[in-house]
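One structure is given below, encoded as structure tokens.
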Amino acid sequence: MSMNHPFLRKTILLLGFLVLSIYSLFPQFGGGGGNEQDPYLISSPEHLNNIRYHLSAYYLQTTNIDMSEYLSEYGEGFNDGAGWLPIGIDAPGSRFTGQYDGDNFLISNLMINRPDESYIGLFGFTSAAVVKNLGLVDANIQGNIQVGGISGGIYYSVVLDCFVEGSINGNMGLGGLVGVVSVLSTVARSFSVGSVTSVSGNSIGGLIGALSESYAIECYSHADVSSNGESIGGLVGFNIINSSILYCYSTGYVAGTGDDVGGLVGRQVYNAVTTFSFWDLETSGRAYSAGGISKTTEEMKQQTTYTQWNFNDIWMIYQNETYPFFSWQLLPEPSFNPVSGVYDSPVEVSIISSATGASVIYRTASNNQEWTEWMIYNNEAIIVPVASSLAIESYVMKPSHYSSSVAEGFYQVIAVLPTPTASPEPGIYKEEVIVSLFSEEPEAELYYTTDGTEPKPEDNLYTEPISINETTTLYVKAYKDGWIASEVLVAEYIIETSNIENELTADYIAKLYPAFPNPFNPSTALSFQLVEDSYVELMIFNAKGSKIRTLATGNHLTGYHSYTWDGRDNYNKEVPSGIYFYMLKTENYMETRKMMLIK
């Protein structure tokens with residue numbers, strides 16, 4: 001059957017449509033629309049790989065990405081051992097022209113083994129593109145010509161706030177960050193760490209292999225560089241054609257036997273310049289550079305060396321301890337939520353870091369015990385239980401960054417035991433009563449007294465119901481290790497053997513009853529019984545004997561009477577805690593009793 005047969009053409013079109021439909025069912029990215037306002041979201045090696053099918057889109061990385069499994073022998077990106085296939089090549093329609101924002105996250109274990117291929121890196125070749133806020137760690141990259149960590153070559157592009165930590169190997173045009181930077185491109189606020197190695201290739205640099213008609217601004221390299229070819233430099237191998245290196249430095253060892261081997265720049269021609277830039281004379285092993293100024297290691301660690309550099313916003317240095325580094329490399333101290341303090345219920349503590357792509361490290365010490373080992377925080381809340389304390393120390397770390405200072409937190413959960421209860425309720429009873437004591441906290445121990453003193457752990461421990469056959473006041477308090485003891489329960493049980501109206505004998509014309517409750521807060525009931533009608537005064541005195549309140553006065557009928565004292569004096573002012581006396585005075589009778597106000 002001919003390929004032009006209508007039925008065959010329809011079948012092929014249908015199969016193609018089905019393939020495209022099935023492909024569209026699988027999400028290529030973690031979300032987004034691929035434009036500047038709504039970039040495609042990148043969170044996996046598979047998402048990274050799909051960039052090659054949308055070379056002009058906008059991308060935002062949302063987490064650290066580990067490439068090791070994807071590029072392993074059984075991984076989708078193994079490619080018979082060649083590893084990662086760079087995104088974009090120098091051919092029309094095949095260059096990466098989009099924008100990639102790493103959002104300060106990392107890509108780790110990028111492996112490329114393509115010794116016979118050119119334009120090698122995470123990106124092969126970019127044109128009018130932007131790559132920013134991205135770090136590669138543990139990269140192992142092997143190529144031929146134009147090889148770098150971020151990209152093999154960039155054209156009319158920008159690489160900003162990026163770094164590479166790893167090994168770059170190849171033949172010609174090698175750089176720790178970018179192999180070849182050309183035609184109005186800019187590399188800024190970026191650095192490299194590790195090694196850049198060629199056997200005898202040309203244009204080999206710790207950060208950039210060759211810089212042509214472009215700019216390297218505020219960058220540095222700690223990478224060791226090695227090649228027996230020409231134009232070998234600690235920062236840039238070949239600086240050519242109106243290019244500028246500004247506010248940069250390098251410290252890596254530079255090894256080579258060919259021509260134009262320099263501590264900072266190997267070769268610099270055709271109006272290319274290097275300004276306000278330095279290299280370490282001692283660590284590089286090179287007294288010569290085509291551009292820049294040599295300094296000793298001691299001088300390289302002093303801010304005064306770097307005249308005209310911006311140490312307000314861009315650079316930082318620990319005087320006499322470090323080389324300059326970027327302010328964004330100093331990680332912010334983590335914080336705790338909720339804040340340190342004393343709480344009355346269990347606390348769930350979270351450690352918060354604003355540093356994307358970083359690891360939060362912490363350790364704890366419970367109840368003043370020894371510290372645990374340092375651990376990686378996994379975003380699960382740290383529980384501080386009732387009646388305990390917890391000290392927390394935490395810091396943030398990230399490859400090629402300076403760890404944050406250590407944040408310290410201390411939490412104490414102090415719980416107050418609930419006031420015990422008694423059953424049956426305190427009151428007036430006609431016969432013996434069996435009293436049981438209770439606490440809402442199961443492990444609390446209850447102690448009690450009957451002499452009016454506050455119970456302590458050396459007093460009576462409640463173990464079984466208490467038999468009361470005469471008027472008794474129980475004072476009960478709950479205790480438990482690590483908890484605040486409860487308030488005192490005052491439970492008065494009045495045992496009466498006859499009715500109130502008939503209990504008075506001929507020898508008495510009145511009776512004053514114990515205050516209830518006693519001790520009290522804020523009020524207590526004061527009761528008395530009269531056998532006959534009488535004029536009555538019910539008065540309250542302080543411990544000094546001064547009358548502070550007249551609670552009742554006037555003629556009262558025979559029978560039972562009760563008044564409530566609210567802890568205030570005759571001027572309606574609250575009186576302080578302490579011992580007070582209340583007196584019943586009739587025409588022919590007077591009696592005084594004691595009570596205690598506790599606040």
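If you're wondering where the values come from, they're calculated on a predicted model, not measured in any experiment. Quick note: numbers below take in every heavy atom, side chains included, and nothing from hydrogens, waters or symmetry partners. By convention here, the first residue in the shown sequence is residue 1.
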Using the rule side chain to side chain contact (heavy atoms under 4.5 Å, CB included), only one of Val384, Val339, Leu390, Thr364 pairs with Val349; which is it?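 Of the listed residues Val384, Val339, Leu390, Thr364, the side chain to side chain contact (heavy atoms under 4.5 Å, CB included) partner of Val349 is Val384.
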If you count heavy atoms of other groups shown closer than 6.0 angstrom to [atom1] of [X], is the number above 12?
| X | atom1 | value |
| --- | --- | --- |
| Asn320 | CG | yes |
| Glu443 | CD | no |
| Glu348 | CD | no |
| Asn35 | CG | yes |

Close side-chain approach of [X] and [Y], heavy atoms under 4.5 Å:
| X | Y | value |
| --- | --- | --- |
| Ser294 | Ser289 | no |
| Ile361 | Ile376 | yes |
| Ile87 | Leu55 | yes |
| Val131 | Ser151 | no |
| Leu330 | Phe325 | yes |
| Leu106 | Pro399 | yes |
| Ser244 | Tyr215 | yes |
| Leu207 | Ser250 | no |

Could you go through His47 and Gln28, starting from their C-alpha distance and side-chain angles, then the distance that decides it, and tell me whether this counts as side-chain contact (heavy atoms from CB on, under 4.5 Å)? CA-CA 6 Å; His47 294 164; Gln28 298 181 61; over 6 Å; no
According to ring-ring contact (aromatic ring centres under 6.0 Å, His included), does anything in residues 129-160 pair up with another residue at least two apart or in another chain? List the pairs. none
Salt bridge (charged side-chain N to carboxylate O under 4.0 Å, His left out) contacts in which one or both residues fall within [range], not counting sequence neighbours:
| range | answer |
| --- | --- |
| residues 103-130 | Arg114-Glu117 |
| residues 279-304 | none |
| residues 39-54 | none |
| residues 351-362 | none |

Any idea which heavy atoms bring [X] and [Y] closest together, and the distance?
| X | Y | answer |
| --- | --- | --- |
| Asn337 | Tyr411 | N-OH, 4.5 Å |
| Ser354 | Pro332 | OG-CG, 3.3 Å |
| Met397 | Ser403 | CB-OG, 3.6 Å |

Residue list, ring pair (Phe, Tyr, Trp, His ring centres under 6.0 Å) with [X], at least two apart or on another chain:
| X | value |
| --- | --- |
| Phe163 | Phe191, His401 |
| Tyr119 | Phe125 |
| Phe78 | none |
| Phe96 | Phe123 |

Please check: side-chain N/O of Ser192 versus main-chain N/O of Gly206, any donor-acceptor pairing under 3.5 Å?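 Yes, Ser192 side chain to Gly206 backbone: donor-acceptor pair under 3.5 Å.
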Please answer whether the main-chain N or O of Gly201 pairs with a side-chain N or O of Ser227 as donor and acceptor at a distance below 3.5 Å. yes
Which residues pass the side-chain contact (heavy atoms from CB on, under 4.5 Å) test with Val342, sequence neighbours left out? Gln412, Ile414
Could you walk me through whether Leu264 and Ser277 pass the side-chain contact (heavy atoms from CB on, under 4.5 Å) check? CA-CA 8 Å; Leu264 185 74; Ser277 298; 3.8 Å; yes
Enumerate the side-chain hydrogen bond (donor to acceptor under 3.5 Å, both in side chains) contacts for residues 158-170, please, sequence neighbours excluded, ordered by first and then second residue.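 Pairs touching residues 158-170 that pass the test: Asp161-Arg189, Asp161-Trp328, Glu165-Ser400, Ser167-Asn169.
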Which pairs, with at least one residue in residues 372-395 and sequence neighbours excluded, count as a side-chain hydrogen bond (donor to acceptor under 3.5 Å, both in side chains)?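 Matches after skipping sequence neighbours: Arg363-Glu393.
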Below 30° counts as parallel, above 60° as perpendicular, anything between as tilted: where do the rings of Tyr402 and Tyr318 land? perpendicular
Output, in order, the C-alpha distance, side-chain angles, deciding distance and verdict of side-chain contact (heavy atoms from CB on, under 4.5 Å) for Gln303 and Gln319. CA-CA 7 Å; Gln303 184 173 327; Gln319 192 73 5; 3.7 Å; yes
Just do the side-chain contact (heavy atoms from CB on, under 4.5 Å) check on Leu134 and Leu122 with the steps written out, would you? CA-CA 11 Å; Leu134 178 62; Leu122 176 66; 3.7 Å; yes
Trp315, Phe278, Tyr247 screened by ring pair (Phe, Tyr, Trp, His ring centres under 6.0 Å) with Tyr306, the one that passes: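 With Tyr306 as partner, Trp315, Phe278, Tyr247 yield a single ring pair (Phe, Tyr, Trp, His ring centres under 6.0 Å), made by Phe278.
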